Colleague: 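Handing you this structure, nothing more for now.
In what follows, chains carry the letters A, B, and so on, assigned in the order in which the sequence lines appear, proteins first and then strands, with residues in each chain numbered from 1. None of the values given here were measured: they were computed from a predicted structure. Values below: every heavy atom of this structure, side chains too, minus hydrogens, waters and symmetry copies.
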Amino acid sequence: MIEVENLTKQYGTARGINDISFKVEKGEVLGFLGPNGAGKTTTMRILTCFFPPTSGKARVAGYDVFEDSLEVRKRIGYLPENVPLYTDMPVIKYLEFVGRIKGVSGKDIKKKVQEVMDDCCIADVSKKFIKDLSKGYRQRVGLAQALINDPEVLILDEPTIGLDPRQIIDIRQLIKNLAGRRTVILSTHILPEVSMICQRVIIINEGRVIAVDTPDNLTRKIQGSAQITLIVRGPQEEVAQKLGVVSGVSSIMRKTSSGDNVHTYLVDAMKNADIRKDLAATIVNNKWDLLEMRPVSMSLEDIFIKLVTEERTAH
Amino acid sequence: MKNVYLVFKKELRSYFLSPIAYVVITIFLILGGYFFYNIFASFSMVSFEATQNPVLAKQYNLLNVTESVVRPLFGNMSIIMLLMMPMLTMRLLSEEKKSGTIELLLTYPVKDIEIILGKFFAAVVIFSVMIALTFPCFILLSVLGQPEWGVIISGYVGLLLMGTAFIAFGLCASSFTENQIIAAAVSFGGLLVFYMMGYSVNFAGPKLGGVLSYISFMPHLYNFAKGVVDTADIVFYLNFAAFCLFLTMRTLESKRWR
């Protein structure tokens with residue numbers, strides 16, 4: 001759906017982005033992750049035809065963003081970071097204007113506006129002027145204007161910034177509901193958000209892509225091997241010894257014990273080995289009680305910091 | 001064409017909501033009415049004196065209501081326009097730049113020229129309403145005297161054309177900057193230069209002088225106010241407007257490659 005090849009954008013002598021390439025499949029939700037100033041907004045502005053790249057190609061739905069800019073623009077919905085809306089217009093008039101200009105026909109417009117207002121939960125403020133709305137409502141009006149022409153591609157620049165927790169949950173839910181029907185690219189620097197909504201993540205730093213993968217794969221890759229925490233009721237020595245010889249286990253560490261013969265262990269697995277089934281079988285066969293088995297996952301924060309710092313030391 | 005209309009409608013709405021349109025039109029009418037009163041009062045004083053003074057009565061020009069009321073009134077209105085028009089046009093593009101709404105507007109499937117024309121026509125309509133509302137002055141005049149309607153109509157045509165050129169120039173100034181004050185200052189200064197260009201004709205050489213007097217706003221309007229509708233004058237104003245709109249388009253476009 002979206003293909004980006006060797007995209008570079010220079011502002012004067014400063015580089016905005018440098019040789020970025022990626023692809024997004026239809027129906028996918030892609031997270032764009034990076035510290036402030038990494039080039040997220042620049043990439044999005046190129047994809048939305050706000051300005052062309054210095055070099056490289058970008059195609060949306062098969063159309064080049066420079067050659068067939070109008071065709072691309074018909075197929076995207078864009079929510080810029082600071083949500084610039086015409087504040088001197090009432091919500092409903094604003095949405096009608098945007099809808100018409102994005103090609104919704106005159107006889108469908110009323111229905112369409114009602115639909116997006118319901119989807120974004122802004123029907124109750126439809127008559128209010130945008131300048132009188134709170135930040136959360138404005139954000140939703142921004143989302144509504146992006147959605148009004150049923151775009152194939154949605155490009156959202158930090159859609160949850162500046163909202164209260166309740167509103168963040170609402171907006172995330174809304175974006176999740178859109179996935180599948182539409183291709184979504186969203187940028188953020190809030191990491192849990194990415195693991196919650198996105199199927200794939202691109203991490204960029206200083207204008208260059210440093211990782212592209214699913215949130216899970218990223219976690220696994222960075223960790224090198226999987227770690228599992230086990231809590232078992234049974235004799236500590238014997239448990240540790242028997243589990244240590246299960247195939248795929250590289251090491252086992254005894255951790256705390258909480259009395260009553262209940263002990264916690266930290267098991268390291270070899271790379272790419274799923275040892276959970278064998279561990280469980282061994283415990284059950286020996287008639288111990290398996291109280292808890294939990295993979296120790298590295299949070300996206302850890303991955304992110306690690307990648308970005310690795311990147312820095314590499315240069 | 002549809003997009004031009006949509007932008008036009010949106011722009012017109014914000015003129016009245018903001019409420020720039022009401023303020024600018026009201027002030028224009030107050031000033032226009034004040035000038036009309038003074039010109040007409042001095043004309044009636046002169047006519048009254050002429051009844052006592054046979055020498056004065058022979059001065060045909062002074063006693064002609066078209067010559068001594070209608071024509072100066074159009075001249076005065078053009079000067080008020082010079083002051084008021086930049087306020088009508090200064091926000092057209094610079095406000096969009098400042099508030100960032102241009103980012104959304106330029107990513108909608110609209111051509112740049114459609115945006116520019118929509119905004120241009122919205123300002124032209126506000127302006128037309130503004131000068132149309134001065135019409136009661138002439139009705140009053142025709143009740144009290146016998147002005148020539150041909151001259152009044154050609155004067156309005158001249159004002160309309162000149163206003164169109166003013167608006168195009170203001171729109172262009174507004175596309176240069178995101179600061180409305182700068183846009184207003186540039187368009188006021190620029191328009192004043194073009195308005196007063198004729199002053200330096202006498203000192204410039206014959207060739208340059210000819211060019212200067214042609215690109216000056218005043219002589220062209222003067223023809224219309226005399227009742228002369230010359231295609232050269234019409235073409236001048238329309239060309240001026242078209243050239244400014246063309247520059248505006250290029251400025252907007254440059255945002256894409258700069």
Colleague: Within a radius of less than 6.0 Å around OH of B:Tyr214, do more than 12 heavy atoms belonging to other residues, nucleotides or ligands occur?
Modeller: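 Yes, because the 6.0 Å sphere around OH of B:Tyr214 holds more than 12 heavy atoms from other groups.
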Colleague: Look at atom NZ of A:Lys131 and say whether more than 12 heavy atoms of other residues, nucleotides or ligands are closer to it than 6.0 Å.
Modeller: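 Count over threshold, so yes.
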Colleague: To the nearest 0.5 Å, what is the distance between OH (A:Tyr86) and CG (B:Leu104)?
Modeller: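 Spacing of OH (A:Tyr86) from CG (B:Leu104) equals 7.5 Å.
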Colleague: Around atom NZ of A:Lys93, are there more than 12 heavy atoms of other residues, nucleotides or ligands at under 6.0 Å?
Modeller: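 Not more than 12 within 6.0 Å, no.
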Colleague: Give a yes or no answer on whether the side chain of A:Arg73 reaches the backbone of B:Val110 with a donor-acceptor pair at less than 3.5 Å.
Modeller: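 At least one qualifying donor-acceptor pair exists.
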Colleague: Looking at residues at least two apart in the chain, or sitting in another chain, which of them share a side chain to side chain donor-acceptor pair (under 3.5 Å) with A:Thr160?
Modeller: A:Glu193
Colleague: Out of B:Leu6, B:Ile102, B:Leu105, which one racks up the most heavy-atom pairs below 4.5 Å with chain A?
Modeller: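 With the most close heavy-atom pairs to chain A, the winner is B:Leu6.
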Colleague: Hey, does B:Glu103 have a side-chain heavy atom less than 4.5 Å from the side chain of A:Tyr78?
Modeller: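 A side-chain contact under 4.5 Å exists here.
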Colleague: Counting only heavy atoms closer than 4.5 Å, note whether B:Glu96 contacts chain A via side chain, backbone, both or neither.
Modeller: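 It is the side chain, since no backbone atom gets that close.
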Colleague: Is A:Phe97 close to B:Arg13 at the side-chain level, that is, under 4.5 Å between some pair of heavy atoms?
Modeller: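 No, side chains not in contact.
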Colleague: For A:Tyr63, give me all partners under side chain to side chain donor-acceptor pair (under 3.5 Å), at least two apart in sequence or on another chain.
Modeller: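 None.
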Colleague: How far apart are the closest heavy atoms of B:Val7 and A:Ile101, and which atoms are they?
Modeller: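 Result for this residue pair: CG2-CD1, 3.8 Å.
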Colleague: Tell me if the CZ atom of A:Phe22 is crowded by more than 12 foreign heavy atoms within 6.0 Å.
Modeller: yes
Colleague: So for atom CD1, which belongs to B:Ile181, do other residues, nucleotides or ligands contribute more than 12 heavy atoms lying within a distance under 6.0 Å?
Modeller: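 12 or below, so no.
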Colleague: Walk me through whether B:Lys10 and A:Met89 qualify under side-chain contact (heavy atoms from CB on, under 4.5 Å).
Modeller: CA-CA 9 Å; B:Lys10 188 224 135 236; A:Met89 288 173 99; 3.6 Å; yes
Colleague: What is the minimum heavy-atom distance between B:Ser99 and A:Pro84, and which atoms define it?
Modeller: O-CB, 3.4 Å
Colleague: Tell me, for A:Arg75 versus chain B, whether the close heavy atoms (under 4.5 Å) come from the side chain, the backbone, both or neither.
Modeller: neither
Colleague: I'd like to know whether NZ of A:Lys135 has more than 12 heavy-atom contacts from other residues, nucleotides or ligands below 6.0 angstrom.
Modeller: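 More than 12 heavy atoms, drawn from other residues, nucleotides or ligands, come within 6.0 Å of this atom.
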Colleague: Quick one: OG on B:Ser18 to CG on A:Asp88, what's the gap to the nearest 0.5 Å?
Modeller: 6.5 Å
Colleague: Assess whether atom CZ of B:Phe16 is packed by more than 12 heavy atoms of other residues, nucleotides or ligands within 6.0 Å.
Modeller: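 Atom CZ in B:Phe16 is crowded, with more than 12 foreign heavy atoms closer than 6.0 Å.
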Colleague: Side chains of B:Pro109 and A:Lys102, heavy atoms from C-beta outward: is any pair under 4.5 Å?
Modeller: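 Yes; the side chains approach each other to less than 4.5 Å.
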Colleague: Could you check if a side-chain atom of A:Phe129 sits within less than 4.5 angstrom of a side-chain atom of B:Leu17, using non-hydrogen atoms only?
Modeller: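 Heavy-atom side-chain distance check passes, below 4.5 Å.
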Colleague: Say whether, by atom type as modelled, one donor and one acceptor occur between the side chain of B:Lys2 and the main chain of A:Arg100 under 3.5 angstrom.
Modeller: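 Yes.
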Colleague: Judged by modelled atom types alone, do A:Gln145 and B:Tyr108 share a side-chain donor-acceptor pair under 3.5 Å?
Modeller: yes
Colleague: Does the side chain of B:Thr107 reach to within under 4.5 Å of the side chain of A:Cys49, using non-hydrogen atoms?
Modeller: no
